[in-house]
Amino acid sequence: MPELPEVETIVRDLRPLLVGRRFVSVRQASKHRLRRAWDKAWPALLAGRTVEAISRRGKWIVLHLDDGSFLVVHLGMTGQFTVVASSTPPPDHLHLVFNLDDGVHQLRFRDIRRFGSVTRLTGQAELEEFFAASGLGPEPFDLNAKAWRQSLAGTTRPIKSVLLDQCVVAGVGNIYADEALFVAVLHPLRRGCDLTPAEADRLRKAIVKVLTTAIEKRGSSIRNYIGGSGLAGGYQEEFRVYSRKGQPCPRCGTPIAHLRLSGRSAHYCPKCQPKPRARTRISKARHEKE
DNA sequence: ATAGGCGCCTGCTGGC
DNA sequence: TGCCAGCAGGCGCCTA
């Protein structure tokens, strides 16, 4: 569920609530396993640890602990990572509880669909290896213009699929991919290698713009997303194409169209974001023959 | 080697 | 009203 803006909002919310706090005790609140198995030895290793910093990498939340270890958290589609009063009745689908040293709050990991995970890594080397193993790409705000153009030029995949590939750029998901393509005025089925350098630049800037605005609005709350302090986001009010099938395009009024691409929905304006023409495919085929 | 399809889960919605 | 298919913000494994 949560994409970069939602994860960034959670990290910013959690920072003042968690940094400097110590875990008094940690317990597993559910027998169900998450995407990555939770090691039974971890609660004992985490008890007594103080949170020194919280950061984000792509859609991952990273808790930096005082013994040099890390907790890396992924929220999958429905994960929630919040600090609440310990007296708050435990919700369903609660998986992990971290009791804090102020005696009245706890950090909770809740995940309805269990596509999320919480993993303990022993140190910097393991953390780096963890992200390297998944091939996690650069942060969208740090994209090198030349490298970005080259990674698009080197693939025949539809641009929408490229945006969802965390190895190319980290943190973009289905909502912000559709929104960025609308802002960049590019059809989701345009192939990476068919984009002109100017279009590639336009897309890179559109990603940054869309994500920046979404962070300012605390992300998008559709169903399950809440920030680290339990507060919802507001960017869903700003959607120009995502989940707006049949509604008027904010630029030209044409009904927003919808297609399925590798099992996921893509929303776009059929007039503003014209379909890739057959000619470009032929020219590409010729190019490959040469 | 790459890219698409499917499975993992639960919950909600819309159509019949 | 009730049922059920289809769909949902993600990712990793399998296959072609």
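Letters A, B, ... mirror the listed sequences (proteins, then strands); counts begin at 1.
No contact: A/G263 has no heavy atom under 4.0 Å from any strand. Using a 4.0 Å heavy-atom cutoff across all strands shown, A/Y176 reaches no nucleic acid atom at all. A/I112 comes within 4.0 angstrom of sugar-phosphate atoms only, judged by non-hydrogen atoms across all strands, and of no base.
Taking 4.0 angstrom as the limit, A/H74 places a side-chain polar atom (N or O) nearer than this to OP1 or OP2 of C/dC11. For the OP1/OP2 pair of C/dA8 and a distance below 4.0 Å, the side-chain nitrogens and oxygens of A/R260 include at least one atom meeting the criterion. The side chain of A/H32 contributes no N or O atom lying less than 4.0 Å from OP1 or OP2 of B/dT10. Contact between the side-chain N/O atoms of A/T78 and the OP1/OP2 oxygens of C/dA8 is not found at any separation under 4.0 Å. In terms of phosphate contacts, A/R114 brings a side-chain nitrogen or oxygen within less than 4.0 Å of OP1 or OP2 of B/dT10. The shortest distance between the side-chain N/O atoms of A/S117 and the OP1/OP2 oxygens of C/dC11 is not below 4.0 Å.
With P as the reference atom, C/dT1 and B/dG11 are 23 Å apart, rounded to whole Å. On the P atoms, C/dG6 is 13 Å away from B/dC6, given to the nearest whole Å. Taking atom P in both C/dA8 and B/dG5, the straight-line distance is 15 Å, to the nearest Å.
Nucleotide C/dC11 holds its P atom 10 Å from the CG atom of A/L75, rounded to whole Å. Taking atom CG on A/L189 and atom C1' on B/dA3, their separation rounds to 15 Å, with Å as the unit. A/R157 places its CZ atom 10 Å from the C1' atom of B/dG4, with the value rounded to the nearest Å. B/dC12 atom P lies 9 Å from atom NE2 of A/H93, rounded to whole Å. Rounded to an integer number of Å, the gap from CG of A/D111 to C1' of B/dG11 is 13 Å. A straight line from CZ of A/F130 to P of C/dC11 spans 11 Å, rounded to a whole angstrom. In this structure, the CG atom of A/D165 is 16 Å from the P atom of B/dG5, given to the nearest Å. Nucleotide B/dT13 holds its P atom 18 Å from the NZ atom of A/K245, rounded to whole Å.
Using a 4.0 Å cut-off between charged nitrogen and carboxylate oxygen, A/K59 and A/E3 do not count as a salt-bridge pair. A salt bridge links A/R204 with A/D201: the closest approach of a Lys/Arg side-chain nitrogen to an acidic carboxylate oxygen falls below 4.0 angstrom. The pair A/E199-A/R190 meets the salt-bridge criterion, with a side-chain N (NZ, NE, NH1 or NH2) lying under 4.0 Å from an Asp/Glu carboxylate O.
For A/Q166, the listed nucleotide lying nearest its side chain is C/dC11; candidates were C/dA8, C/dC11, B/dG11.
Both tests pass for A/R251 against the ring of A/F182: distance under 6.0 Å to the centre and angle within 45° of the axis.
You'll find a donor-acceptor pair under 3.5 Å spanning the side chain of A/R113 and the base of C/dA8, going by distance alone.
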So which protein N/O to nucleotides 12-16 of chain C N/O distances come out below 3.5 Å?
unit_1, atom_1, unit_2, atom_2, d
C/dG12, OP1, A/R36, NH2, 3.3

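When the options A/K160, A/K245, A/R240 are evaluated for a salt bridge (Lys or Arg N to Asp or Glu O under 4.0 Å) with A/D178, the one that passes is A/K160.
A distance cut-off of 5.5 Å between ring centres, combined with a plane angle under 30°, leaves A/F115 outside any stacking arrangement with the base of B/dC9.
B/dC9 is unpaired under the Watson-Crick or G-U wobble criterion, no partner having all donor-acceptor distances under 3.5 Å.
Checked by atom type and distance alone, the side chain of A/Q80 never pairs as donor or acceptor with a backbone atom of A/D111 at under 3.5 Å. Checked by atom type and distance alone, the side chain of A/Q166 pairs as donor or acceptor with a backbone atom of A/G171 at under 3.5 Å.
Side-chain polar atoms of A/H267 and A/S243 form no donor-acceptor pair below 3.5 angstrom.
Ring centroids of A/Y235 and A/Y176 are separated by less than 6.0 Å, placing the two rings close together.
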